[in-house]
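Take a look at the structure below.
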Amino acid sequence: MISINPTAAFMVDGDIATIMLDSPPVNALSAEVRAGLKRGVELASDVQGVKAVVLICAGRTFIAGADISEFGKPPTAPLLPSVLDAIENLGKPVIAAVHGSALGGGFEVALAAHYRIAAPSAKFGLPEIKLGLIPGAGGTQRLPRLIGAQKALELILSGDPVGAPEAKEWGILDELAEEGSLHESAKAFARKLIDRGAPPRRLRDVSEKIDAARGKPEIFETIRKAYARKFRGFEAWERAIASVKNAVDLPFDEGIAREREMFESLKAGNQSKAQRYVFFSERQAAKIPDIGGAEPGRSIGSVGVIGAGTMGGGIAMNFLNAGIPVTIVDASSDALGRGLQTIRRNYENSARKGRLTFADVEARMSRLTAALDYSAFSDQDLIVEAAFEDMALKKDIFARLDVIAKPGAILATNTSYLDVDQIAAATKRPEDVVGLHFFSPANVMRLLEIVRAAKTSKTVVATAMQLALRIGKIGVVVGVCHGFVGNRMLAARQREAMKLIVEGAMPWDVDRVLVDFGFPMGPFAMSDLAGLDIGWSRSTSTRSTIREILCEEGRRGQKTGAGYYDYDEARNARPSMFVEEVVREFSKNKGVAPRAISDEEILERCIFPMINEGAKILDEGKALRASDIDVVWINGYGWPVYRGGPMFYGASLGLENVVVRLETFQAVLGDDFKPSPLLARMARQGTSW
Ligand code: 3H9
């Protein structure tokens, strides 16, 4: 065995050489790995008697792609395309042997090889689109030659990997190996190639599949239409389509050159920078400095949920999906019945869409037990309370749980705003109490705010983080404050949105600006969806806000066919003349003369106070890092990922510019805009979070 460098080794067994890459954790293609791979190919070419080459990786996976952490730095030779050229042009067959995942540049390495074999559990994908990129080392040129333009685009635009058995069906793989003996299987495959004198098979020379798409622009137009909604605001996807079209229309070398140009320009652009930042931020959020990865956590084998409403039901589904039995308790049997029915209906809808089998539906429902009494919680490892937002009620629930739950059970509240320290104080075991703040719809949204109260134990926080991972969520640890990270910042935006309509903008103006910015919906459409009457009651309503007036008029949102907007039967929203009158009248009564408000002002007034509130949250230590705040907003509130989150966005504008605008607004509109001490200090010093 020859050790080429710390990440690559070369060995020869008879007439078969092996290049083995070993660069934990995921064999990303750093400069050192690229150099090692290139040298391996040179050795394979030079060493006499070698007739075929196996390219394989050590550790938990094949190559997971380019080393994303290198993207912001000046490129170091050898660049990936030249390494792939060396592989493809080697005069001896190269077999990529894949286990784990071959992703991005890793898949492109496998495509530059002449043959591919994989463990049945392996996966293949081009996730570049999720980083605001297109494949940049031949993926858009070689893959269409292997599986056709349409299938290649499906993989490139979804960014999701395909499993080895399917990859074999599609023609990506030549052979499936025995699980656990990939290297042996790859060498046996190489032997067969040598024995039958099979030549290197270069994908650049293959054209049958792309010939079939030539002169059929409608293929690309159909795909473009199908993805336009999903990718509203994103830049990379249309280039991906253009690049695959180039594979069909242009000679290989020209197609590759254009792919490279597009990749480089996207890589240098703001969207990809933001998306790469989000990739690392999401992983960073899992790291809690005073806990570390070694904290064992408790085992959670059963969960109790209090409240069979929309939230409780959605929460329960997360655990059922992960194979964890759930007992759901509600005070009324009617509510329980409705809750169970809703869960079943949601699952059956998924089954009808082909996302689950009907057997899966039954398996999940069989894990669900309903009960009317808290005594059903005596043996649960975790109990999540999803009752009304009422402190007295929550305290009462936790005092009762304290009596019933077994020692070591974790008692969690799904409160969105309330003080978890106070709730914990209702028990004699505050160290076992934590906030688990799910986002609606709780079975869909990826975010889980893990509210660490003053006495929550490290083990409980570690368990909550591990549990988040197990149920497919991104857990972000936050501190106790009104609304935690997400809703606290949302309140700042909501406050400005309401002020803007009193001053002269209409709800649909504000919504349009935020949708253009990249949010899936604006604050008023969101209120209509959630219901304007959350926290409203007729008995205490005094027509003192626009919301109260609309509620009193029966306009309580989509569910009543009217809110800030009018809705037709298909729930399509239309600006409402009635609301326009209500707003104008309200302003008049307040003595405010409506003025024309520019889109720029709407945007800045909605977004900059959020950044300011984020700075306060950071300063108070309610979030561990600015990037955690961004992870909350991207995964819980639809902040456009290509803008990196509010804190990233503020930093990219320059904090000093944010402060200048806040101060300008402060001078006219008051202290809602006063820059927080941290923000003001950073702006002055020219630093950032
Ligand atoms: C590309 O290839 C462009 C090419 O077309 C053209 C080039 C010219 N780079 O996720 P995990 C780190 S674009 C650097 O927790 P898992 C990650 O940050 C790339 N670092 O593990 C983490 O570090 P830490 C296309 C990377 O088992 C650690 O590895 N490829 C990279 O849950 C473990 O990661 C992708 O987009 C990387 N490429 O999931 C694939 N990948 O421990 C991105 C991971 O310090 N990667 N790290 O926090 C993934 O999707 C997942 O990491 C993977 C493993 C599925 C591989």
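The figures here come from the full heavy-atom set of this structure, side chains too, leaving out hydrogens, waters and symmetry mates. Note that the structure is a prediction, hence the values are computed from the model and not measured. One-based numbering, in listed order, for ligands and for the atoms of each.
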Next on the checklist: Ignoring hydrogens and geometry beyond distance, is a side-chain donor-acceptor pair present between S121 and E179 at under 3.5 Å?
Outcome noted: yes

Checklist entry - Of all the non-hydrogen atoms in the protein, which one sits nearest to atom 21 (O) of ligand 1, and at what distance? => result R60 NH2, 2.9 Å

Checklist entry - When only distance counts, is F280 in polar contact with ligand 1, meaning an N/O pair under 3.5 Å? => result no

Item to check | Residue part near ligand 1, for L79, under 4.0 Å between non-hydrogen atoms | outcome: neither

Next on the checklist: Would you say S23 and N27 are linked by a side-chain donor-acceptor pair, where the criterion is simply a distance under 3.5 Å?
Outcome noted: no

Checklist entry - Does an N or O from S101, backbone or side chain, lie closer than 3.5 Å to an N or O of ligand 1? => result no

Item to check | Distance flag for atom 23 (O) of ligand 1, protein heavy atom under 4.0 Å | outcome: no

Checklist entry - Which pairs, with at least one residue in residues 625-652 and sequence neighbours excluded, count as a salt bridge (charged side-chain N to carboxylate O under 4.0 Å, His left out)? => result R625-D628

Next on the checklist: Could you tell me if E32 and T7 have a donor-acceptor pair between their side chains, going purely by distance under 3.5 Å?
Outcome noted: no

Next on the checklist: Below the 3.5 angstrom mark, is there an N/O of R260, backbone or side chain, next to an N/O of ligand 1?
Outcome noted: no

Checklist entry - Numbering the atoms of ligand 1 from 1, which are under 4.0 Å from a heavy atom of G105? => result 1 (C), 2 (O), 4 (C), 5 (O)

Checklist entry - So is K287 in contact with ligand 1, going by heavy-atom distances below 4.0 Å? => result yes

Next on the checklist: I'd like to check which ligand 1 atoms, numbered from 1 as shown, lie under 4.0 Å from a non-hydrogen atom of D67.
Outcome noted: 9 (N), 14 (C)

Item to check | For the student: nearest non-hydrogen atoms of G104 and L126, plus distance | outcome: O-CD2, 3.7 Å

Checklist entry - Is it the case that R202 and N89 place a side-chain donor and acceptor less than 3.5 Å from each other? => result yes

Next on the checklist: My understanding is that only one of F220, Y227, F231 makes a ring-ring contact (aromatic ring centres under 6.0 Å, His included) with W237; could you say which?
Outcome noted: F231

Checklist entry - Taking the six-membered ring for Trp, are Y649 and F517 ring centroids under 6.0 Å apart? => result yes

Next on the checklist: Nearest 0.5 angstrom please: R145 CZ to F252 CZ, how far?
Outcome noted: 6.0 Å

Next on the checklist: Check for me whether the distance between the ring centres of Y637 and F439 falls short of 6.0 Å.
Outcome noted: yes

Next on the checklist: Would you say Q141 and N246 are linked by a side-chain donor-acceptor pair, where the criterion is simply a distance under 3.5 Å?
Outcome noted: no

Next on the checklist: For atom 55 (C) of ligand 1, what is the closest protein heavy atom, and at what distance to 0.1 Å?
Outcome noted: L103 CD1, 3.9 Å

Next on the checklist: Which residue and atom name correspond to the protein heavy atom nearest atom 46 (N) of ligand 1, and how close is it?
Outcome noted: F279 CZ, 3.6 Å

Checklist entry - Any N/O of A64 closer than 3.5 Å to an N/O of ligand 1? => result yes

Checklist entry - P127 to ligand 1: N or O pair under 3.5 Å? => result no

Checklist outcome for this item: Residues at least two apart in sequence or cross-chain that pass side-chain contact (heavy atoms from CB on, under 4.5 Å) with P441, listed by chain then number, are N443, V444, M445

Item to check | For F263, the ligand 1 atoms whose distance to one of its heavy atoms is below 4.0 Å | outcome: 3 (C), 6 (C), 7 (C), 8 (C)

Checklist entry - To the nearest 0.1 Å, how far is atom 9 (N) of ligand 1 from its closest protein heavy atom, and which atom is that? => result I68 N, 2.9 Å

Item to check | L266 and its side-chain contact (heavy atoms from CB on, under 4.5 Å) partner, picked from K273, R239, E261 | outcome: R239

Checklist entry - If you count the atoms of ligand 1 from 1 in the order shown, which ones are under 4.0 Å from a heavy atom of G104? => result 2 (O), 25 (C)

Checklist entry - Hey, which atoms in ligand 1 end up nearer than 4.0 Å to a heavy atom of E108? => result 4 (C), 5 (O), 6 (C)

Next on the checklist: Polar contacts were defined as any N/O atom of the residue lying under 3.5 Å from an N/O atom of the ligand; does this apply to E128 and ligand 1?
Outcome noted: yes

Next on the checklist: Quick test: of every protein heavy atom, which one is nearest to atom 1 (C) of ligand 1, and how far off is it to 0.1 Å?
Outcome noted: A66 CB, 3.5 Å

Item to check | Exercise: do R364 and N321 side chains pair donor with acceptor under 3.5 Å | outcome: yes

Checklist entry - Which ligand 1 atoms, with their elements, are less than 4.0 angstrom from a heavy-atom of P25? => result 28 (C), 29 (O)

Item to check | Atom indices of ligand 1 within 4.0 angstrom of P135 heavy atoms, with elements | outcome: 5 (O)

Item to check | Nearest non-hydrogen protein atom, atom 31 (C) of ligand 1 | outcome: V26 CG2, 3.9 Å

Item to check | Candidate with minimal heavy-atom separation from atom 10 (O) of ligand 1, of E259, K123, K130, R283 | outcome: R283

Checklist entry - Would atom 53 (C) of ligand 1 count as contacted, meaning some protein heavy atom under 4.0 Å? => result no

Next on the checklist: Checking H183 against T18: is there a side-chain donor and acceptor pair closer than 3.5 Å?
Outcome noted: yes

Checklist entry - In terms of atom number and element, which parts of ligand 1 are under 4.0 angstrom from non-hydrogen atoms of L131? => result 13 (S), 19 (C), 36 (O)

